[in-house]
Amino acid sequence: MSPPRLSRHSLPQLPAGIRRPAYDPANIRIGIVHLGLGAFHRAHQAVYTDDRLAAGETGWGISGMSLRSPTVREALAPQDGLYTVLERGPDGDAARIVGSIAEVLTVPETPERAMARLTDPATRIISLTVTEKAYCRARDGGLDAAHPDIRHDLAGEAFPRSAPGLLVEALRQRRAAGAPACTILCCDNLPRNGETVSRIVTEFAARRDPGLAAWIGENVTFPSTMVDRIVPATRDEDRAAVAALGYEDAWPVVAEPFTQWVIEDRFAGPRPRWEEAGALLVGDVHAYELMKLRCLNGAHSSLAYLGALAGLETVSDAMAEPALAGFLPRLWREDVIPTLAPVPGVDLPTYTAQLAERFRNPAIRHRLLQIAMDGSQKLPQRLLGPALARLRAGAMPHAIAMAVAGWMAFLLGTDERGGTHGIDDPMGERLSATARAAGRDAAALSQALFAIDEIFPAELAEHEGFRVAVREALGRLLAQGVRKTLAA
Ligand code: CS2
């Protein structure tokens with residue numbers, strides 16, 4: 001007999017020892033719409049929410065929506081939204097079934113249903129993990145009105161395609177229907193993510209109807225958040241690991257044991273008591289955001305480019321190489337920690353040492369190429385921001401220059417073991433073409449890339465000392481390889 005497929009119906013038959021919802025998932029009501037139903041949300045916010053549902057806050061079920069691909073709906077709808085979080089630590093695995101996703105939709109498949117849920121008076125929170133690029137930000141941080149999806153949505157002739165367009169249309173309809181105030185909760189890795197989304201949404205709305213923009217200012221809040229949990233993309237091996245437990249789950253998620261969520265406590269209406277599930281509700285998130293983006297994500301991106309260039313596959317593989325593992329403490333100590341304001345209750349050297357431990361977790365196979373994706377969207381807040389802060393303080397951020405050089409070399413598309421990789425990035429074609437035209441000439445390559453002002457702010461691109469540091473690092477990477485260069 002084949003093992004049962006996970007669903008509400010099969011829950012009671014699942015093997016003992018698997019933690020399952022301590023409530024009846026059929027009896028929860030939806031209070032949250034979440035856009036971007038990727039692995040991260042399912043191992044993070046949905047788990048905090050699952051805890052609150054178990055504690056009796058049954059009005060906070062999640063309607064999970066994908067903006068494009070139906071693959072999550074195809075996997076989870078037959079499972080009534082249930083899925084496994086397989087927590088993998090150095091000491092072994094723990095499986096838990098999460099029941100907080102009460103409904104799974106693909107927006108373009110069922111746009112009316114999605115809009116009805118977004119505008120439902122019972123929906124008080126619209127949260128997002130749609131990745132950096134989906135906000136369609138312009139160079140100045142506001143709305144990129146030239147973005148093809150934004151142009152499509154601003155024309156207002158068809159159902160919106162972009163996240164900002166969808167949010168504004170939902171808010172327009174909420175206003176027209178007299179729906180109660182709601183909160184838009186960005187959970188993507190952007191600095192001041194709440195303010196960023198507020199600005200983009202308000203600018204979009206103002207182009208359609210200044211009255212709507214004003215209404216949003218009075219009725220919608222955009223708290224900032226810092227989110228953290230390492231959740232690699234699910235692989236077939238992970239599905240097999242769940243099958244070995246005795247049931248079938250088409251899309252489990254694998255996560256490290258660590259999880260952190262810091263939320264600015266500025267909600268327009270009610271919210272789950274996430275603080276009782278371990279979240280930290282604070283007055284100001286910014287110091288936490290910068291710490292996490294620069295220390296964790298900055299180190300991740302550095303490892304991704306330098307490690308992939310060295311022909312390595314995962315973060316833990318890279319951490320097993322002394323040259324790469326040894327690079328991070330330097331990056332943190334010299335170039336990152338000095339740029340951070342004190343974070344309440346956090347000792348930064350301890351925090352970064354714990355990051356190194358988390359990166360070493362051999363049970364998590366986090367592919368470097370996954371992290372390397374969308375570099376044009378990630379570099380500015382992860383590496384270029386702290387570089388600028390150091391330069392303004394009169395210091396030369398050599399470790400960051402090395403990481404940026406790693407990204408530049410990575411764009412050439414080949415690694416030191418003769419492997420090749422594509423550049424998965426909204427600017428990928430332009431970046432690859434630029435790199436190809438310059439070739440393995442460090443001066444030409446760095447100069448051509450520094451000229452891309454969507455990525456490099458002028459203050460950085462025109463800083464002679466920084467340009468030289470990157471060019472020299474790139475020259476060494478190309479001539480001697482990653483290991484030799486970092487060991488030197
Ligand atoms: C990673 C993040 O893929 C990436 O860019 O740096 O997804 C990282 O794993 C999370 O932010 C950890 O909280």
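Order of appearance sets the numbers: ligands from 1, and atoms from 1 within every ligand. Note that the numbering runs from 1 along the sequence shown for the chain.
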Could you point out which residue of Val201, Asp188, Asp144 forms a side-chain contact (heavy atoms from CB on, under 4.5 Å) with Tyr135?
Asp188
Numbering as shown, the atoms of ligand 1 that approach Lys378 to under 4.0 Å (heavy-atom distance):
3 (O), 4 (C), 5 (O)
Look at atom 6 (O) of ligand 1 and say which protein heavy atom is nearest, naming residue and atom and giving the distance to 0.1 Å.
His300 ND1, 2.8 Å
On the 0 to 90° scale, with breaks at 30° and 60°, tag the His300-Phe359 ring pair as parallel, tilted or perpendicular.
parallel
Which one of Asn189, Thr131, Ile371 has a non-hydrogen atom at the shortest distance from atom 7 (O) of ligand 1?
Asn189
So which heavy atom in the protein is nearest atom 2 (C) of ligand 1, and how far is it from that ligand atom?
Asn297 ND2, 3.6 Å
Donor-acceptor under 3.5 Å (Arg42 side chain, Trp251 main chain)
yes
Can you list the atoms of ligand 1 that are under 4.0 Å from a heavy atom of Asp228?
12 (C), 13 (O)
Using a strict 4.0 Å cut-off to heavy atoms of Arg382, name the atoms of ligand 1 that fall inside it.
4 (C), 5 (O), 6 (O)
With distance as the sole test, does Thr221 use its side chain to make a donor-acceptor pair with the main-chain N or O of Arg266 at under 3.5 Å?
yes
Distance filter under 4.0 Å to His366 heavy atoms, resulting ligand 1 atoms:
9 (O)
Member of Val253, Asp249, Val254 meeting the side-chain contact (heavy atoms from CB on, under 4.5 Å) criterion with Asp238
Val254
Report the relative orientation of the aromatic rings in His421 and Phe410; use parallel for angles under 30°, tilted for 30 to 60°, perpendicular for over 60°.
parallel
Examine the proximity of ligand 1 to Arg367 and report which part, side chain or backbone, both or neither, has a heavy atom under 4.0 Å away.
neither
Hey, which atoms in ligand 1 end up nearer than 4.0 Å to a heavy atom of Lys292?
10 (C), 11 (O), 12 (C), 13 (O)
Hey, does Gln370 come in under 3.5 Å of ligand 1, counting only N/O atoms on both sides?
no
Any chance the side chains of Thr129 and His34 put a donor and an acceptor closer than 3.5 Å?
yes
